[in-house]
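The structure appears right after this line, and notes come after that.
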Amino acid sequence: MALGKKTPVTEAEPEQAPAAGQTPVKNRRRPLLLAAGALLAVLSILGVVYLFAQSRQTVDALVLKADAPAGATLTADMLTKRTLNADSGLQIIPVEDADTILDSQLSTRLPAGSLLTPSHVTVQLLPEKGTSIVGVAVPYQKRPATPLQRGDKVRIVDTPRDQADPPSQGPIATRGTVVSTEDHPDTGVTVVDVIVPDGEANWVAARSATNRIAVIIDSRGE
């Protein structure tokens, strides 16, 4: 019986060693990865430290102690402070800038505890030349239910006596601009400070004393 031919056995070629002066690829990559990981860890730690430091930075902001109407003149005893995070994103007036706003006027009514912002303060002194501010006492039933606001353009109208017939001619009226208001629930009256032409201030004041005036809003202000 014939025997098959033997298949020659091929010996595996030995791995070639790297040439002199060359470093294996794996060995070359490992230190780079370690260095990159260490750098990333350091950057992460620095980021956490920065965020923590930012959260600890604070600023003292000016706050109103009590309710204040629009047009009120700011004085030192009206102000207190509140400590906030420096990165709160709120518009404020820092405590160190208090001297710059004293004797200025509020541009809007603010409740107690309100943070003061630059938009709340106006350096315009009222009244301007040629105008006067008159305080007008208006019964609730003779003004709109819509609250009056600083800057509202209004008409102050002479009214007949209670229960009297309406006038046959149009009533006397003058136009003005609201500066501030103050309600008096115990008497049912709102006192409205109004800027009017100085030539009409006497008439408005005299009519206010008789409680025979009404206020009409023509356009809204601030």
### Message
Is there a path of hydrophobic side-chain contacts, each under 4.5 Å between heavy atoms of I/L/V/M/F/W/Y residues, joining V178 to W203?
### Response
yes
**Study point:** Criterion side chain to side chain contact (heavy atoms under 4.5 Å, CB included) on V204 and V194, from CA distance to verdict
**Key:** CA-CA 10 Å; V204 174; V194 188; over 6 Å; no
Is there a path of hydrophobic side-chain contacts, each under 4.5 Å between heavy atoms of I/L/V/M/F/W/Y residues, joining V121 to L102?
yes
| said: Quiz question: by atom type and distance under 3.5 Å, do the side chains of T83 and D60 form a donor-acceptor pair? | reply: yes
For P147 and D152, the nearest pair of non-hydrogen atoms, with its separation, is O-OD2, 4.3 Å
Should T181 and R109 count as side-chain neighbours, where that means a heavy-atom distance under 4.5 Å? yes
Between D67 and A112 the two heavy atoms that sit nearest each other are OD1-N, 2.7 Å
Nearest heavy-atom contact between K81 and V63 is C-CG2, 4.3 Å
For a 4.5 angstrom cut-off between non-hydrogen side-chain atoms, does L106 reach L64?
yes
Going hydrophobic residue to hydrophobic residue with side-chain gaps under 4.5 angstrom, can you get from L116 over to M78? yes
Query raised in the report: Is the closest side-chain heavy-atom distance between L62 and I101 below 4.5 Å?
Result: yes
Nearest heavy-atom contact between T100 and D97 is OG1-O, 2.5 Å
Closest heavy-atom pair, L115 versus A61, reported as atoms and distance to 0.1 Å, is CD2-CB, 3.8 Å
query: So, S208 side chain and A137 main chain: donor-acceptor pair closer than 3.5 Å or not?
result: yes
Between R207 and D158, is there a salt bridge with N-O shorter than 4.0 Å? yes
What one should report as the nearest heavy-atom pair of G113 and R82 is O-NH2, 2.7 Å
One should read off an interatomic distance between D218 CG and T177 OG1, to the nearest 0.5 angstrom, of 10.0 Å
Verify, without hydrogens or angle tests, whether T190 (side chain) and D183 (backbone) share a donor-acceptor contact under 3.5 angstrom. no
Are side-chain heavy atoms of T58 and N85 found at a separation under 4.5 Å? yes
Does L79 share a hydrophobic cluster with I93, counting links as ILVMFWY side-chain heavy atoms below 4.5 Å and allowing steps through other members?
yes
Query raised in the report: Hey, any chance I216 and L148 share a hydrophobic cluster, counting ILVMFWY side chains that come within less than 4.5 Å of each other, even indirectly?
Result: no
